[in-house]
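Below is one structure; the comments refer to it alone.
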2 protein chains.
Amino acid sequence: MPRTVDREEQRRHIGTALLRLVSERGLDEVSVRTVAAAAGRSAGAVQKYFRTKEEMLAFAAELAGERVERRMAGVDASLPPRQALRALILTTLPVDAERRAEAAAQLAFAVHAAHHPRLAAIRRQVDADIRQALTAWLESAGHGAHASAVADAVIALSDGLALRMLYAPQEHEHLLTVLDHALDALLPDPPAPAPAPAPPTMG
Amino acid sequence: MPRTVDREEQRRHIGTALLRLVSERGLDEVSVRTVAAAAGRSAGAVQKYFRTKEEMLAFAAELAGERVERRMAGVDASLPPRQALRALILTTLPVDAERRAEAAAQLAFAVHAAHHPRLAAIRRQVDADIRQALTAWLESAGHGAHASAVADAVIALSDGLALRMLYAPQEHEHLLTVLDHALDALLPDPPAPAPAPAPPTMG
DNA sequence: CGCTTTAGAATACGACTGTATCTCAAAGAG
DNA sequence: CTCTTTGAGATACAGTCGTATTCTAAAGCG
C-alpha cells in the first residue's frame with residue numbers, strides 16, 4: 001500500500017472550511033471550488049473525499065451538530081441551575097465570532113433542510129439529542145413538571161433569537177435580556193435556595 | 001404614450017411567483033429564469049420589471065412581510081386575549097399550505113439576510129412592525145409589565161417553532177402544544193381589569 | 001395614417017456550476 | 001531498487017447563472 005492519509009481527518013478539515021464559508025459568506029456561496037479554496041486544497045482533492053456536493057453538505061451538517069452537542073456537554077455542571085441553563089443556551093447563540101459562525105451554519109442548514117430530506121433527518125437527530133439533554137437537565141434541576149415541553153420551548157426560543165441576532169446584530173444586547181426574561185417565565189421558581197440570579201435590568 | 005400596463009401589478013405578479021417558488025423548492029432554486037417560468041413570463045419580461053435579481057428578491061421580501069402584517073391585522077380583535085394572541089401567532093406558523101409557503105419564504109429570507117444588508121434592513125423593519133403591534137396588543141390586554149420583552153420572546157419563539165415545523169412536519173401537533181405551554185408561562189395571569197378593552201387591530 | 005414608445009420574447013455573452021477524467025509525483029510493499 | 005497504488009492537482013464538459021442586447025408586435029398619439 002502506498003502513501004496513505006487519515007481520511008477522516010481530511011474530511012473534517014474540508015468540512016470545517018465549509019462551515020467557515022457558510023458562516024462568513026452564506027450557504028449559496030458554497031461550491032466545490034470555493035470550499036476547496038477555503039480548505040487550501042484543489043477542487044480535485046475535495047472530490048477524493050466527497051463524491052458529491054450533497055454528501056459534503058451532509059457531512060458538514062453533522063459536524064456542526066456534533067460541535068454544538070460537544071460544547072453543551074462541556075458546560076460547567078456545578079453552576080447554579082439557572083446559570084447553567086443560561087450557559088447551555090449561550091453555547092448556541094452567536095455571542096462571539098466562533099459561535100456566530102456555528103449559529104449561521106446551523107440556521108442555514110435548517111432552512112435548507114426544509115427541501116432536502118437528508119439534511120432534515122440530520123437536523124432532527126441533532127434536535128432530538130439536544131432536547132433529551134435539556135430535558136434530563138431540567139428534570140434533575142427540579143423542573144420535572146413539563147420538562148420536555150419546556151425543553152422544546154427553550155430550543156425554539158434559542159433558534160429564534162439566534163436567527164434574529166444574525167441579521168440584527170445591533171439588537172444583540174437587547175435580545176439577551178429578552179432571553180433572561182423568557183427564562184424567568186418558563187422556569188418559574190428556582191427550587192434551590194441560592195440567591196436569585198440577578199435578572200437583567202429591564203427598561 | 002403607447003401600450004402601457006400596470007407596472008406595480010406586474011411586479012406583484014412576479015413577486016408572488018417568486019414566493020411560491022421559494023416555498024416549494026427553496027431559495028436556491030430561484031433564478032431569473034425559474035421565476036419567469038413560474039410567473040408564466042419569459043426571462044426577458046422579468047428583466048423589464050426588475051433590473052437585477054437582488055432588486056427582485058428585495059421586492060419579494062417586502063411583499064412577504066406585508067402579507068404577514070396584513071394577515072395579523074385581520075385577526076378577530078374581539079376574541080378573548082389569550083385566544084387572540086394564539087391566533088396572531090398561528091398566522092405566522094406553517095399550519096396550512098398557504099402559511100407554510102409564507103413561513104418558508106420568511107425564514108429563507110431571514111437566513112439570507114445574514115449576508116445581505118439590503119434584505120436585513122427589510123427584515124428588521126418587518127420585525128419592528130410586528131413587535132410594535134404585539135406590544136401594543138399586550139399592553140391593552142393587561143400585560144403591560146414587560147410587554148416589549150414578552151413580544152420579542154413571542155416572536156423568537158414563533159420563528160423557532162416555524163423553522164422546526166418546516167423540516168420536522170411530523171412534530172407539528174407536538175409543537176403546537178409546546179406553544180400553548182410556553183404562552184401559559186409567558187403570560188402568567190389572565191388580566192384582572194374587568195372592562196377588557198378591545199385590543200387594537202394589528203398593523 | 002405613420003411615428004414612436006412600450007411589452008415581451010429571443011438571443012448572446014462570459015462566468016460559474018457539479019462532476020468525470022486525466023496526469024503526475026510520492027511513498028509503501030515486494 | 002521496481003512496481004503499484006494513492007493523493008492531489010489540472011483539465012474537460014455540458015449545463016445554468018445573471019445580465020446586456022436585439023428583435024417583433026402592438027398600441028396610444030400626432
Side-chain angles (χ1 to χ4, degrees), chain A residues 1-22 24-61 108-109 111-113 115-119, chain B residues 1-22 24-61 108-109 111-113 115-119:
Chain A
M1 284 301 221
R3 172 153 91 109
T4 192
V5 132
D6 185 338
R7 291 192 71 82
E8 204 52 32
E9 181 188 320
Q10 291 297 313
R11 285 166 70 93
R12 279 200 309 276
H13 175 76
I14 295 170
T16 299
L18 191 155
L19 293 182
R20 183 169 60 246
L21 199 54
V22 171
E24 289 175 359
R25 301 210 260 142
L27 189 51
D28 41 38
E29 292 290 335
V30 167
S31 74
V32 175
R33 287 165 178 84
T34 57
V35 170
R41 302 281 188 277
S42 72
V46 169
Q47 283 183 283
K48 293 279 178 174
Y49 295 100
F50 301 101
R51 295 213 315 288
T52 67
K53 182 185 181 181
E54 184 191 359
E55 182 183 318
M56 180 172 70
L57 285 176
F59 178 86
F109 282 129
V111 167
H112 205 63
H115 305 281
H116 294 79
R118 200 160 150 193
L119 282 184
Chain B
M1 290 287 267
R3 171 153 91 108
T4 192
V5 131
D6 185 338
R7 291 192 70 82
E8 204 51 33
E9 180 187 322
Q10 292 296 313
R11 284 165 71 92
R12 280 201 309 275
H13 175 76
I14 296 169
T16 298
L18 190 155
L19 293 182
R20 184 168 60 244
L21 199 53
V22 171
E24 289 174 0
R25 300 209 260 142
L27 190 51
D28 41 38
E29 293 289 335
V30 167
S31 74
V32 175
R33 287 166 178 84
T34 57
V35 169
R41 301 281 188 276
S42 73
V46 169
Q47 284 185 283
K48 293 280 181 175
Y49 294 102
F50 300 102
R51 295 213 316 288
T52 67
K53 182 186 181 183
E54 186 191 357
E55 182 183 318
M56 180 171 70
L57 285 176
F59 179 86
F109 282 129
V111 167
H112 205 63
H115 304 281
H116 294 78
R118 199 160 151 193
L119 283 184

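Below, read A as the first sequence line, B as the second, and so on, with proteins coming before strands; counting in each chain starts at 1.
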> Among residues 32-48 of chain B, which contact DNA chain C at a heavy-atom distance under 4.0 Å?
Replying inline: B/R33, B/R41, B/S42, B/G44, B/A45, B/K48
>> If the cut-off is 4.0 Å, is B/S31 near the phosphate of D/dT16, judged by side-chain N/O to OP1 or OP2?
In response: no
>> Tell me the interatomic distance from A/E54, atom CD, to C/dT17, atom P, rounded to whole angstroms.
In response: 18 Å
> Do you know the tightest heavy-atom contact between B/A43 and B/V32?
Replying inline: O-CG1, 4.2 Å
> Rounded to the nearest Å, what distance is computed from the NZ atom of residue A/K53 to the C1' atom of nucleotide C/dC16?
Replying inline: 11 Å
> Whole-Å distance between D/dG18 C1' and B/L18 CG?
Replying inline: 14 Å
> Looking at A/A108 and A/V22, what are the two nearest heavy atoms and their distance?
Replying inline: CB-CG1, 3.9 Å
> A/E55 CD to C/dG18 P: how many Å, rounded?
Replying inline: 14 Å
>> Nearest whole Å is fine: how far is C/dA7 C1' from B/R51 CZ?
In response: 18 Å
> To the side chain of A/R7, which of D/dG7, C/dG18, D/dG18 is closest?
Replying inline: D/dG7
>> Counting only heavy atoms from other residues, nucleotides and ligands, does the tally under 6.0 Å from CZ of A/R51 exceed 12?
In response: no
> Taking C-beta and beyond as the side chain, do B/K48 and B/Q10 meet within less than 4.5 Å on heavy atoms?
Replying inline: no
> Nearest-Å distance, CG (A/D28) to P (C/dT17)?
Replying inline: 11 Å
> For the residue pair B/E55 and B/F50, what are the closest heavy atoms and their distance?
Replying inline: OE2-CA, 3.8 Å
> Roughly, in whole Å, what's the span from CZ in B/R25 to P in D/dT16?
Replying inline: 12 Å
> What heavy-atom pair brings A/E8 and A/F59 nearest, and what distance separates the two atoms?
Replying inline: OE2-CE1, 3.4 Å
>> For a quick check of understanding: with a heavy-atom distance under 4.0 Å over all strands, which category does B/F50 fall into, base, sugar-phosphate or nothing?
In response: nothing
>> What is the separation between atom CZ on A/R11 and atom P on D/dG7, rounded to the nearest whole Å?
In response: 12 Å
>> Within the 4.5 Å heavy-atom criterion, are B/F109 and B/L57 side-chain neighbours or not?
In response: yes
